[in-house]
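In this text, all values refer to a predicted model and were calculated from it rather than measured experimentally. Only this structure's heavy atoms are used, side chains among them; waters, hydrogens and symmetry mates stay out.
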Amino acid sequence: ARFQGAPVNVVAGTVPQTLQESGPDRVCFAHIDLNNAVPEVEALAWVLPRMSPGGAIVFDDYGWQGLSDQKIAIDRYLTDRQVIELPTGQGLLLV
């Protein structure tokens, strides 16, 4: 009800599942913040091939020492790309 009348599509379920079912064909910006390495990489795997040239992906907890599992998993997945670590603790991937 909160989003009634707004151009928002609320879909219940896990992020990887809902992206498969109702995600957009193209993405120009993604902010991945799931606080868990496995679904973050699953979301990245879905988003990356759909990114528009010049698009950007922000990883919320990329540079925080206590959340290094996410950085390790993202870096392992992105073997041919480099994430820019920001002073905010986030990571930025330009596509």
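Pairs passing the salt bridge (Lys or Arg N to Asp or Glu O under 4.0 Å) check and including a residue from residues 75-95, sequence neighbours excluded, read Lys71-Asp75. Sequence neighbours left out, the pairs with a member in residues 10-26 that pass side-chain hydrogen bond (donor to acceptor under 3.5 Å, both in side chains) are Gln17-Glu21. Within the structure, no pair that satisfies the salt bridge (Lys or Arg N to Asp or Glu O under 4.0 Å) test touches residues 40-69, not counting sequence neighbours.
Taking both residues in full, the closest heavy atoms of Ala45 and Pro49 are given as O-CD, 3.1 Å, listed atom of the first, atom of the second, then distance. The minimum heavy-atom distance between Leu48 and Tyr77, with the atom names listed, is CD2-CE2, 4.3 Å. Closest approach of Gln70 and Asn35 over heavy atoms only: NE2-CA, 3.7 Å. Trp64 and Thr88 make their closest contact through CZ2-O, 3.3 Å (heavy atoms, listed as atom of the first residue, atom of the second, distance). Counting all heavy atoms, side chain and backbone alike, Ala73 lies closest to Val41 at CB-CG2, 3.6 Å.
For the pairing with Ile57, the side-chain contact (heavy atoms from CB on, under 4.5 Å) check across Val27, Leu94, Leu44, Val83 returns one residue only, Leu44.
Atom CZ of Phe59 and atom CG of Leu78 lie 5.5 Å apart (nearest 0.5 Å).
For the side chain to side chain contact (heavy atoms under 4.5 Å, CB included) test, residues two or more places apart in sequence or in another chain that qualify with Phe29 are His31, Ala56, Val58. Here Ser52 pairs with nothing under the side chain to side chain donor-acceptor pair (under 3.5 Å) rule; sequence neighbours left out.
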Just list the side-chain donor-acceptor pairs under 3.5 Å for residues 1-8, sequence neighbours left out, or say none.
none

